[in-house]
Amino acid sequence: MAGKFSKEITTDEVAALIKQGNKLHIVDVRELDEWQSGHIPGAKHIPLGTLGQRRSEIDSKQETIVVCRSGNRSGLACEMLESLGYDVVNMTGGMMNWNGNLEF
């Protein structure tokens, strides 16, 4: 993705951080049916369309990894949140590239 957004992390890096026991703050911006088909354990579900209204549920000072299916919607979410002063990182490749555990 050649957007304005700079901070990115790969699915493998996220999986490794979880495996090492790091407490990650992950927001999944996919739609409900996508979320129900499997998501990263411990992730918070805030569909992209509701992010504007629900952004107060995210700690702006805490680094948050944003996830979607492929990395495009999460990139848009990151651009929006970053413009509001949030510390966000886009998980490139999205859930299509996720090889870690899933929660349903």
Side-chain angles (χ1 to χ4, degrees):
M1 192 181 110
K4 300 177 287 268
F5 193 70
S6 53
K7 283 174 70 175
E8 296 184 336
I9 190 166
T10 67
T11 52
D12 289 344
E13 289 168 330
V14 173
L17 288 169
I18 291 171
K19 194 174 272 189
Q20 292 162 13
N22 290 286
K23 172 86 175 93
L24 302 181
H25 297 268
I26 300 172
V27 171
D28 190 320
V29 297
R30 296 177 299 159
E31 294 303 314
L32 184 60
D33 60 326
E34 295 173 291
W35 165 261
Q36 290 172 334
S37 72
H39 51 271
I40 297 171
K44 181 176 198 62
H45 182 229
I46 305 180
L48 183 60
T50 65
L51 196 56
Q53 303 95 291
R54 295 182 58 194
R55 67 176 187 265
S56 62
E57 297 175 36
I58 304 168
D59 183 345
S60 62
K61 292 172 185 39
Q62 179 73 55
E63 184 178 80
T64 300
I65 298 167
V66 185
V67 176
C68 71
R69 188 182 66 85
S70 66
N72 289 332
R73 280 174 288 178
S74 54
L76 292 172
C78 283
E79 285 179 24
M80 183 189 101
L81 291 168
E82 189 179 50
S83 73
L84 297 168
Y86 285 77
D87 182 5
V88 286
V89 183
N90 186 18
M91 187 176 86
T92 59
M95 294 304 290
M96 290 191 316
N97 288 352
W98 180 252
N99 294 316
N101 291 334
L102 288 176
E103 224 172 49
F104 295 94

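Source: prediction; values computed, not measured.
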Handout entry: Selection residues 9-29 - residue pairs positive for salt bridge (Lys or Arg N to Asp or Glu O under 4.0 Å), sequence neighbours left out
Key = D28-R30
For [X] and [Y], work out which heavy atoms get closest and say how close.
X: L51; Y: A77; answer: CD2-CB, 3.5 Å
X: E103; Y: G42; answer: OE1-N, 3.5 Å
X: S70; Y: M96; answer: CB-CE, 3.6 Å
X: C68; Y: S74; answer: SG-N, 3.3 Å

State the [atom1]-[atom2] distance between [X] and [Y], to the nearest 0.5 angstrom.
X: T50; Y: L32; atom1: OG1; atom2: CG; value: 10.5 Å
X: Y86; Y: R55; atom1: OH; atom2: CZ; value: 5.5 Å
X: T11; Y: I65; atom1: OG1; atom2: CD1; value: 11.0 Å

Problem - Within one Ile-Leu-Val-Met-Phe-Trp-Tyr cluster: F104 and M95, side-chain cutoff 4.5 Å - result: yes
Handout entry: Pairs meeting criterion ring-ring contact (aromatic ring centres under 6.0 Å, His included) with involvement of residues 13-44, two or more places apart
Key =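 ring-ring contact (aromatic ring centres under 6.0 Å, His included) check on residues 13-44 returns W35-H39, W35-H45.
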Practice task
Assess whether salt bridge (charged side-chain N to carboxylate O under 4.0 Å, His left out) is satisfied between E34 and R73, documenting all intermediate values.
Solution key: CA-CA 13 Å; E34 295 173 291; R73 280 174 288 178; 2.9 Å; yes
Exercise for the section: Show the numbers, then the answer: is there a side chain to side chain contact (heavy atoms under 4.5 Å, CB included) between I40 and V67? Expected result: CA-CA 9 Å; I40 297 171; V67 176; 4.1 Å; yes
Exercise for the section: Check whether any side-chain N or O of T92 sits under 3.5 Å from a backbone N or O of N90 as a donor-acceptor pair, and report yes or no. Expected result: no
Problem - Side-chain ion pair, K7 and E82, N-O less than 4.0 Å - result: no
Handout entry: Atom CG of D59: over 12 foreign heavy atoms under 6.0 Å
Key = yes
Exercise for the section: Measure the shortest side-chain to side-chain distance between K44 and I46 over non-hydrogen atoms and say whether it is less than 4.5 angstrom. Expected result: yes
Fill in the blank from the handout: From the list N97, V66, V14, I26, side chain to side chain contact (heavy atoms under 4.5 Å, CB included) with M91 holds only for V14
Practice task
From the options I58, D87, L76, select the one residue that forms a side chain to side chain contact (heavy atoms under 4.5 Å, CB included) with L81.
Solution key: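 It is I58, the one option of I58, D87, L76 that forms the side chain to side chain contact (heavy atoms under 4.5 Å, CB included) with L81.
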